[in-house]
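One structure is given here, and the rest of the page talks about it.
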Amino acid sequence: MHNLVIKPWREVYDSPSISSADILIWSASTDLEVSSSYLHLLTEDEKTRAERLKSKIASDQQIISRGILRLILGRYLDMKPEDLTFTTGQFGKPFLSNPVDTSINFSLTHSSNLILFAIGKRKNIGIDVEKIEEKTDLVGISSLVFSSDERLAFSISTNPLRDFYVLWTAKEAILKASGRGFSYPSNKFSVVLSKGLPSISNIPTELTGGCSCNLISFSPSTGYSAALAVMQ
């Protein structure tokens, strides 16, 4: 996979097409968006789910991210954003159900005020972003979510904060691309790091479905770590 280009989501209006070779990543900042601007695009069910979230910040993030996703996909599919419909797979991953014959796949992620949208064609994709927090319980969390091989490598890391977030975002991106999410134990497969970059080590076919998996780690903005996984 090549280096990724990340663009502000509004630039999607200058790029209304996508080829099977492309993975396009769009970004948005919740600090620059107003949730009420997107409410009219959402279904009643989407609005209800956003309202049920415990905090106003989380609710606004849900509304903004879902609304922008509809605008991006509507542009690529030449449809009104509010006419798109979504359903979820067995393990909760969303995908388009109207139109039913689209080959476009998508994944979105947010952390703090940053939202990333990954759009691909004829590929299963997963994207994850995390804001790097200095006070993260690296040892405690890694003992729960990393495999034994990853914990061993992490224990001798010379840059544990960086490596933790690179590993964590890579693993979550893989789980999202697979469609399994956290229904599949994250400590049952391994990602290895070499000079701070992740690569696939041991991923069971029950997770990939026999597909090849490509992985790239990147920093979408200062203080954030992100990863993209592509299965095809």
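As a basis for the values below, the full set of heavy atoms in this structure was taken, side chains included, without hydrogen atoms, waters or symmetry mates.
Residue pairs that meet the ring-ring contact (aromatic ring centres under 6.0 Å, His included) test with at least one member in residues 37-82, sequence neighbours left out, do not exist here. Residue pairs that meet the side chain to side chain donor-acceptor pair (under 3.5 Å) test with at least one member in residues 55-68, sequence neighbours left out, are S35-D60, E46-R66, K56-D60. Residue pairs that meet the salt bridge (Lys or Arg N to Asp or Glu O under 4.0 Å) test with at least one member in residues 29-40, sequence neighbours left out, are R10-E33. Note on residues 84-109: pairs passing ring-ring contact (aromatic ring centres under 6.0 Å, His included), not counting sequence neighbours, are F86-F106. Among pairs with a residue in residues 208-219, none fulfils salt bridge (Lys or Arg N to Asp or Glu O under 4.0 Å), at least two apart in sequence or across chains. Evaluation of the salt bridge (Lys or Arg N to Asp or Glu O under 4.0 Å) test over residues 216-232, restricted to residues two or more places apart or in two chains, returns none. Screening residues 176-230 for ring-ring contact (aromatic ring centres under 6.0 Å, His included) gives W168-F182 as the qualifying pairs, with residues at least two apart or on separate chains.
Criterion: ILVMFWY side-chain heavy atoms under 4.5 Å apart, direct or through other members. Under it, L228 and L69 are not part of a common hydrophobic cluster.
Partners of S221 by side-chain hydrogen bond (donor to acceptor under 3.5 Å, both in side chains), not counting sequence neighbours: none found. Looking at residues two or more places apart in sequence or on another chain, you find no side-chain hydrogen bond (donor to acceptor under 3.5 Å, both in side chains) involving K176. The side-chain hydrogen bond (donor to acceptor under 3.5 Å, both in side chains) search around S111 returns none, not counting sequence neighbours. Here R122 pairs with nothing under the side-chain hydrogen bond (donor to acceptor under 3.5 Å, both in side chains) rule; sequence neighbours left out.
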Please tabulate, one pair per line, all N/O donor-acceptor pairs under 3.5 Å involving side-chain atoms of residues 130-138, not counting sequence neighbours.
unit_1: T136; atom_1: OG1; unit_2: E133; atom_2: O; d: 2.8
unit_1: T136; atom_1: OG1; unit_2: Y165; atom_2: OH; d: 2.5
unit_1: D137; atom_1: OD1; unit_2: G140; atom_2: N; d: 3.0

Between K171 and E150, is the salt bridge (charged side-chain N to carboxylate O under 4.0 Å, His left out) condition met? List the steps.
CA-CA 11 Å; K171 290 174 76 71; E150 289 167 337; 2.9 Å; yes

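Taking OG1 of T30 as the start and CG of N113 as the end, the distance is 5.0 Å to the nearest 0.5 Å.
A donor-acceptor contact closer than 3.5 angstrom is absent between the side chains of T87 and S97. Side-chain contact, S157 with D163: a donor N or O sits under 3.5 Å from an acceptor N or O. In this structure, a donor-acceptor pair under 3.5 Å is absent between the side chains of T48 and D45.
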